[in-house]
Every structure is written in structure tokens, then in C-alpha cells.
Amino acid sequence: MKKYQIGSVPKQVDAELVRKFESVEVATIGHFRHRGFVRHSITPVVEPKKTLVGTAVTVAIPGTDSTLLHHAIGFLRPGDFLFVDRLGDDRHACIGGGVAFAIRTAGAIGVAIDGPCTDVEEIVELGMPLWCRGVSGITTRLNDLGGALNLPISCGNVPVLPGDVVVADASGIVVIPVDEAEDVVEEAMMRQARAGRNKDKVAAGEKLGDLSGASRLIAAALEQK
């Protein structure tokens, strides 16, 4: 078996689809979809100021090693979103200030690590949106242990395939297969347009339970006793 397994560079997400997803929030998608949400234990070190939409690029690297990650950065394109599967390791930080700078310089819009990062101050100063499982002062090295690039991985208990649509904001990250993306964004845009429609009514004294229908459901349930 080859030490390094390298897949094809994925086709980037269509620009019009990116534009549509940029108009919605991750939480809006969460109102009707349950799959693809990266587990909330992977939290932002640097929160994006707007909805980020990009193309998933995947790396899987073991324990102490980041050889393939360094190599993979050379293939990142503007608009890519990098996912790093640490294969269960939560001790070694594979991204710090220098690596983050290289990723940002390549044009990637964000990174999610299923493990820790380091050099938080540098990453914050750089302003590159990055999600991870905490911080560690113990770093990876160039140990040449192998790994996978642009092949299916797992990040935050979610399968990620190279080329998937990535939507990320301060509320989290959702990964959507390309063949499902158009249906998802159309539903999300419709719901986003309705967001906040009850605020004026609540401010005027109407009750949220009446507006949402929750109170009607509870009343009906109580009548059945």
C-alpha cells in the first residue's frame, strides 16, 4: 500500500452557487436540514465576519506528522476550504502561524481541523477563519508518515468529500454534496427571506407561541388528556 494516497484536484463550486449560498446563514440551513453539520466541538478561533462559501479540499494526516499538509498547501486555490482529518489525534497541533499564513496566501477562505491548532495570536492577527478542537503547544513535524490528499475524510463526525460545497459562519460549518446543493440553497434563500418577520409583531405585544403555532399545538395536546 502506498504511503501517500493522492486524489484528483476537485472541480470548484460554481460561482453562481457560491453567490446564492453567501446570502444565507448556516443556522437557516439548520432549520430544515440535519446532515453535514460539523460537530460543535470544532469551534472557531477566528470567526468569519460573513457567510463563507467554498470548495472542500481534504487532507488526512496521522499523529505527529504534517508532511502531506505542507505539500497540499501548494495545490490550494482561491475559494478552497481546507479540511484536515487528524485521524483521531488530539495532542499535536498541525497548523500554527506560519502554516496558516501559507494557507491564507494560497487563497483558501477557511480551515477546519479535527484536532488542535497553535499560535493562536498569530492566527487571530492574520484574520484567517479557522475552526479546531482547541489549542496545543505540541506541534507536528515532518516525519514522513504518509496520509491522504483529496480523498474522502471525516471532520467533526461528518464525511467530507473533495469538491463538496462548504458553508461556514460564526454559527458553524455545513458540508453539502454538490448534487444536493441547488435544492438546499433554494430552500435556504426562501427561509432567509422570511427571517425576522415576527420581530415587529412581538415588539407590538403579540406572543411568539401564537405566531409560531407552538401554543396551538400545546393546547391541542392538553385537550387530549
Side-chain angles (χ1 to χ4, degrees), residues 12-58 79-85 108-117 120 123-124 127-135 153-161 163-204 206-218:
Q12 289 194 293
V13 177
D14 178 75
E16 179 62 15
L17 191 59
V18 170
R19 185 192 65 78
K20 288 180 178 180
F21 270 114
E22 286 177 338
S23 70
V24 304
E25 301 171 359
V26 170
T28 300
I29 300 172
H31 278 300
F32 64 91
R33 188 175 174 87
H34 302 282
R35 293 182 292 113
F37 289 86
V38 172
R39 193 165 181 82
H40 56 76
S41 53
I42 296 182
T43 58
V45 171
V46 178
E47 294 184 357
K49 297 179 180 179
K50 61 178 183 178
T51 301
L52 302 177
V53 184
T55 304
V57 170
T58 62
D80 284 342
F81 192 108
L82 179 63
F83 285 88
V84 184
D85 183 349
I109 62 170
V111 181
I113 313 168
D114 204 338
C117 75
V120 170
I123 294 171
V124 170
M128 184 184 72
L130 182 145
W131 290 255
C132 65
R133 288 189 185 271
V135 179
I153 65 162
S154 174
C155 186
N157 299 92
V158 169
V160 185
L161 276 62
D164 281 347
V165 180
V166 185
V167 186
D169 63 18
S171 295
I173 305 170
V174 59
V175 181
I176 305 168
V178 173
D179 61 355
E180 299 177 23
E182 192 64 46
D183 288 343
V184 173
V185 78
E186 292 298 331
E187 176 70 17
M189 291 172 67
M190 180 180 67
R191 289 175 179 257
Q192 191 74 49
R194 301 200 306 261
R197 67 190 184 282
N198 287 329
K199 287 183 178 179
D200 290 341
K201 295 179 180 179
V202 171
E206 295 189 54
K207 294 180 172 57
L208 179 60
D210 294 334
L211 294 169
S212 69
S215 296
R216 174 180 54 79
L217 293 171
I218 291 172

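From Q12, atom CD reaches atom OG1 of T55 across 4.5 Å, with rounding to the nearest 0.5 Å. Interatomic distance, H40 NE2 to S171 OG, rounded to the nearest 0.5 Å: 12.5 Å. To the nearest 0.5 angstrom, L130 atom CG is 5.5 Å from C117 atom SG. With values rounded to the nearest 0.5 angstrom, R133 atom CZ is found 11.5 Å from I113 atom CD1.
Taking 4.5 Å as the limit, some side-chain heavy atom of L17 sits within range of a side-chain heavy atom of E182. Q192 is not listed as a side-chain neighbour of S23, based on a closest heavy-atom distance of 4.5 Å or more. Between F32 and V184, the closest side-chain pair of non-hydrogen atoms falls below 4.5 Å. Side chains of P177 and L161 form no contact here, defined as non-hydrogen atoms less than 4.5 Å apart. Counting heavy atoms from C-beta outward, F21 and V13 have side chains that stay 4.5 Å or more apart. No side-chain heavy atom of V38 sits less than 4.5 Å from a side-chain heavy atom of W131. The shortest side-chain heavy-atom distance between V165 and V167 falls under the 4.5 Å cut-off.
Between R19 and E16 there is a salt bridge, since at least one side-chain N of the basic residue sits less than 4.0 Å from a carboxylate O of the acidic one. A salt bridge links E180 to R35: one of the charged nitrogens lies within less than 4.0 Å of a carboxylate oxygen.
The shortest heavy-atom contact between L52 and I109 is CD1-O, 3.5 Å. A168 approaches P48 most closely through the heavy-atom pair O-CG, 4.3 Å.
No side-chain donor-acceptor contact under 3.5 Å links D85 to the backbone of C155. At distances below 3.5 Å, not a single donor-acceptor pair connects side-chain atoms of D164 with backbone N or O atoms of A56. In terms of modelled atom types and a separation under 3.5 Å, the side chain of T28 and the main chain of A188 share no donor-acceptor contact.
Annotation: side-chain hydrogen bond (donor to acceptor under 3.5 Å, both in side chains) contacts of T58 (sequence neighbours excluded): none.
Remark: of the listed residues I42, V84, I153, I42 is the sole one forming a side chain to side chain contact (heavy atoms under 4.5 Å, CB included) with D114.
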